[in-house]
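Have a look at the structure below, then the notes.
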Amino acid sequence: MQQTIKFPPGPKDSPEANLYAMRRDPIGFFTRLARDYGDLSHFHVGEQNFYLVNHPDMIKEVLVGKDRNFTKWFAVQRLREVLGDGLFFSEGAYHARQRKLSQPAFHRTRIAAYADTMVKVSMRVRERWQDGKAVNVAAEMNWLAMVIVADTLFGADVEAEAVEIQEALNEVLRMLEKYTLPENDVADFNKARERLDVSVLRIIKERRAQGDSGRIDLLAMLLAARDEDGSQMSDTELRDEAMTIFLAGHETTANALTWTWYLISQHPEIERQLHETVDTVLQGRAPALEDIPRLKYVEMVFAEALRVYPPLWIVGRSAINDCEIGGVPLPKGSILLLSTYVTHHDPRFFTDPEKFDPQRWTPEAEASRPKYSYFPFSSGSRQCIGEPFAWMEGVIALAVIAQKWQLKLVPGHRVEMQPQLTLRSKYGMRMLPVAR
Ligand code: HEM
C-alpha cells in the first residue's frame, strides 16, 4: 500500500521541519494544518505518516466505528513505561477485561455516593483561602482533585503527600515532553517514577492489611476481582490500574477547573450569572446531590471551558492494519491525530470560536451541532471512564467555591497554554480570592 498510496494534502516541508514545528508550537501547527489543508491532512515525521483528522464524521469513524483497527500512539506508549499497563494504556482483550472490572466503580449510582466527599474537599479548599491573599489556583485545584480521587476511589488519605506527588508527576510530564529521553535524565525520571510508586503501593498495602474493610470503592473491586480460573490481580497489575486512575483522575480535572476559573474571571457577566445561580439554588447551603441538576448553568460554564481549553487536547492512534478514513486509504502504521483543541475551535461548528459563551450548551444549541464536533472525553471503547465523575466534581467544586469567593486574576500574571500531555497553564494561575 505504501508505494501506491496517494496522500491527502499537507505541508511539503521536510520531516525535520515538521517535527520542529510540531514540537515548538503543536497547537499552532495543527491549527494551521486544519485551516490550510482541510478535514484530513497528511505530513511526514521521520519515516512515519501522520494525519490530522478534523471532521466529526471521521472522528467518529476513528473512535467508534473502526476503533478495533487502532492502538494508542507512541506518545501514550511512552507514558505507559512510567504508569504501567493500566486502563488508559492497555489494549485489546486485556483492556476490555480490566474495563469491565473497573466499570461498576464509575456507575452513576456509585458516583452519587462520592458527592459528599467532593463537597467536603471543596469546602476545605475554600476555607483555607484568605480574603485578598493570592493563591495559585492551579496548585489548589490539583490538590483538590487529587485528594478527591484518593478518598473516593481508594479510601486513602494523601493530603500530607499531595504536594510531593504533584512534583514527581510534574517531573515525569516535563521529561515526556522531550519525546526522547536524554541519557542523563533517566536517573531523575526513575526517581520521579519511584516517588509515585511509593504512594500507590502504600495505599494498596494498607488496604490489603485491613482485609475486608466493608468499603465498596474501586480499590475494593480491584482487590476482589477474580479471573475465570479464580486467580487475583497481581500486585503489579493492581499497581498499574491504581496508578493510572489516580493520575488520569486528577490531572485532567484539575486542569479543567483551573482554566474555568480563569475564563470566569475574564467574563464579568458570566461570573455574575454563575454567582446568581449558585446563590438562588443553594440559598447558602452546601450542595447536595439533588441540587446538581438545578445547577445547570454551572455545568454549562464547565462544558464551555472544556471546549475552549480541553485538558486532553490531543488524542492519538496508530493504525494496526491498512484502513480507510473518510474514504481515504491509510497505510498500516499511520499515526492519526485528533485534536479536541483544533476541532473545538473550528468556526464551522462554533461560531466565533474564541468567544467563551456558556449559552452554546443549551439543549437546543447543542442539538444544532454535529455530535463529534465536541469530544473532550473521547468516545467509543476508549472513552473516559471517569466522565460522569468529572462532571459532578466540576459542578460541585465550582459551586462550593463560587458560593464564597470571587476569583480575580492577579494583575500582570501571564497566562499561556502549555500543551504537554495535558493542556496546562504554563505559569500556574495566580488569583486573588475576594470574599462575596
Ligand atoms: C475533565 C476531566 C477529564 C477529562 C477531560 C478526561 C479526558 C479523557 C479522555 C479524552 C480520555 C480518552 C483518551 C483516548 O481516547 O485516547 C480519557 C480516558 C480515561 N480517563 Fe479521563 N478525563 C477526565 C477525568 C477523568 C477522571 C475524573 C477519571 C477517574 C476518576 C478519569 C479516568 C480515565 C481513565 C481510566 C481513562 C482510560 C479509559 C480506557 O481507555 O478505558 N478521567 N479521559
Side-chain angles (χ1 to χ4, degrees), residues 53 59-60 62-64 67 70-77 79-80 83-92 94-103 105-107 110-111 114 117-118 141-142 144-154 217-219 222 240-260 299 302-318 335-341 343-344 372 374-398 421-424:
V53 183
I59 291 167
K60 182 175 177 196
V62 175
L63 295 178
V64 186
D67 57 322
F70 299 103
T71 58
K72 297 220 167 176
W73 70 312
F74 60 82
V76 170
Q77 306 281 0
L79 194 56
R80 187 178 186 173
L83 302 184
D85 210 11
L87 207 53
F88 198 95
F89 305 98
S90 52
E91 304 279 359
Y94 181 73
H95 169 261
R97 186 194 99 158
Q98 298 298 86
R99 175 124 186 163
K100 210 166 141 199
L101 283 177
S102 305
Q103 195 74 61
F106 294 96
H107 193 270
R110 283 294 313 144
I111 303 281
Y114 305 148
T117 304
M118 292 173 178
M141 293 302 112
N142 256 307
L144 174 144
M146 191 188 295
V147 172
I148 287 178
V149 156
D151 186 325
T152 52
L153 298 176
F154 303 112
D217 60 13
L218 176 69
L219 188 54
L222 296 176
D240 290 356
E241 293 302 345
M243 177 75 87
T244 303
I245 301 262
F246 182 58
L247 298 183
H250 85 267
E251 167 71 20
T252 41
T253 317
N255 272 305
L257 284 168
T258 302
W259 287 117
T260 310
E299 189 187 278
F302 193 54
E304 177 66 350
L306 286 171
R307 180 188 72 80
V308 178
Y309 293 113
L312 276 187
W313 64 279
I314 192 123
V315 169
R317 298 288 189 263
S318 171
I335 302 291
L336 275 67
L337 299 178
L338 286 60
S339 172
T340 46
Y341 186 93
T343 309
H344 291 183
Y372 289 86
Y374 179 75
F375 58 111
F377 295 96
S378 188
S379 193
S381 54
R382 307 310 302 246
Q383 175 169 355
C384 178
I385 198 170
E387 178 171 351
F389 188 111
W391 283 113
M392 192 160 95
E393 182 177 2
V395 170
I396 290 179
L398 291 169
L421 184 84
T422 52
L423 190 59
R424 287 180 158 196

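Both counts, for ligands and for their atoms, begin at 1 and track the order of listing. Note that this is a predicted model, so its numbers are computed, not measured.
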Out of [options], whose heavy atom sits nearest [atom]?
atom: atom 30 (C) of ligand 1; options: Phe106, Phe246, Trp73; value: Phe106
atom: atom 36 (C) of ligand 1; options: Phe88, Phe377, Trp391; value: Phe88
atom: atom 23 (C) of ligand 1; options: Ile314, Thr244, Thr252; value: Thr252

Exercise. Judged by modelled atom types alone, do Glu251 and Thr422 share a side-chain donor-acceptor pair under 3.5 Å?
Worked result: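 The answer is yes; a qualifying pair exists.
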For this session: Please work out which of the three classes, parallel, tilted or perpendicular, describes the rings of Tyr114 and Phe389, given edges at 30° and 60°.
Result: tilted
For this session: Look at the rings of Phe377 and Trp391 and say which category their plane angle falls in: under 30° parallel, 30 to 60° tilted, over 60° perpendicular.
Result: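 Tilted: the ring planes of Phe377 and Trp391 meet at 30° to 60°.
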Backbone or side chain, does any N or O of [X] fall under 3.5 Å from an N or O of ligand 1?
X: Gln383; answer: no
X: Lys72; answer: yes
X: Ser378; answer: yes

Please confirm whether [X] comes under 4.0 Å of ligand 1, counting heavy atoms of the residue only.
X: Phe89; result: no
X: Glu387; result: no
X: Ile385; result: yes
X: His250; result: no
X: Leu63; result: no

Looking only at heavy atoms, is any part of [X] under 4.0 Å from ligand 1, and if so is it the side chain, the backbone, or both, or is it neither?
X: Leu87; answer: both
X: Asn255; answer: neither
X: Pro311; answer: side chain
X: Arg382; answer: both
X: Val315; answer: side chain

Any donor-acceptor N/O pair, [X] side chain to [Y] backbone, under 3.5 Å:
X: Tyr374; Y: Ala303; value: yes
X: His250; Y: Phe246; value: yes
X: Arg80; Y: Ser90; value: no

For this session: Using the side chain to side chain contact (heavy atoms under 4.5 Å, CB included) rule, pick out the option among Val149, Val147, Asp151 that qualifies with Thr117.
Result: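 Among Val149, Val147, Asp151, the one meeting side chain to side chain contact (heavy atoms under 4.5 Å, CB included) with Thr117 is Asp151.
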Exercise. What is the minimum heavy-atom distance between Ile59 and Tyr372, and which atoms define it?
Worked result: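 Smallest heavy-atom distance, with atoms named: CD1-O, 3.8 Å.
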Exercise. What distance separates Glu91 CD from Thr71 OG1, expressed to the nearest 0.5 Å?
Worked result: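 It is 5.0 Å, given to the nearest 0.5 Å.
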